Amino acid sequence: MLIITHSTRILESLKVDYTHVMVDGRLVATGDASLVEKINTEGYESFVREAEAREALQ
């Protein structure tokens with residue numbers, strides 16, 4: 001099953017095998033369910049900053 005969401009709350013009731021984070025249509029992070037917890041604690045903005053930093057290096 002593939003679920004695309006802007007809210008991690010729906011994921012609380014599911015067994016998550018993989019988590020992918022996209023910024024501006026690009027895959028910027030992949031991980032297990034612990035990545036959902038990182039989004040909840042650090043916020044999505046941390047992924048945006050990481051993606052911008054990577055893009056600046058290119």
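Just so you know, residue 1 is the first one in the sequence shown, and it goes up from there. Model, not experiment: these values are computed from the prediction.
The line from NE2 of H6 to OG1 of T8 is 12.0 Å long, rounded to the nearest 0.5 Å. H20 contributes atom NE2, which lies 6.5 Å from atom CG of L27 (distance to the nearest 0.5 angstrom). Residue R9 holds its CZ atom at 11.0 Å from CG of N40, rounded to the nearest 0.5 Å. Between atom NZ of residue K15 and atom CG of residue D17 there is a gap of 4.0 Å, rounded to the nearest 0.5 Å.
V48 pairs with exactly one of D24, V21, V23 by the side-chain contact (heavy atoms from CB on, under 4.5 Å) rule, that one being V23.
Around atom CD1 of I10, no more than 12 heavy atoms belonging to other residues, nucleotides or ligands sit under 6.0 Å away. The 12-atom threshold is exceeded at CG of L57, counting heavy atoms of other residues, nucleotides or ligands nearer than 6.0 Å.
With hydrophobic clusters built from ILVMFWY side chains whose heavy atoms lie under 4.5 angstrom apart, L11 shares a cluster with M1. The same ILVMFWY cluster, assembled from side-chain heavy atoms under 4.5 Å apart, contains both V36 and I3.
In summary, E55 and R49 do not engage in a salt bridge, as defined by a charged side-chain N under 4.0 Å from a carboxylate O.
Minimum interatomic distance between V16 and A33 (heavy atoms only, all atoms of both residues): O-CB, 3.9 Å. The minimum heavy-atom distance between L35 and T19, with the atom names listed, is CD2-O, 3.6 Å. Contact between R54 and V28 at its shortest, heavy atoms only, is NH1-O, 3.1 Å.
Between Y44 and F47, the two ring planes are tilted [angle within 30° to 60°].
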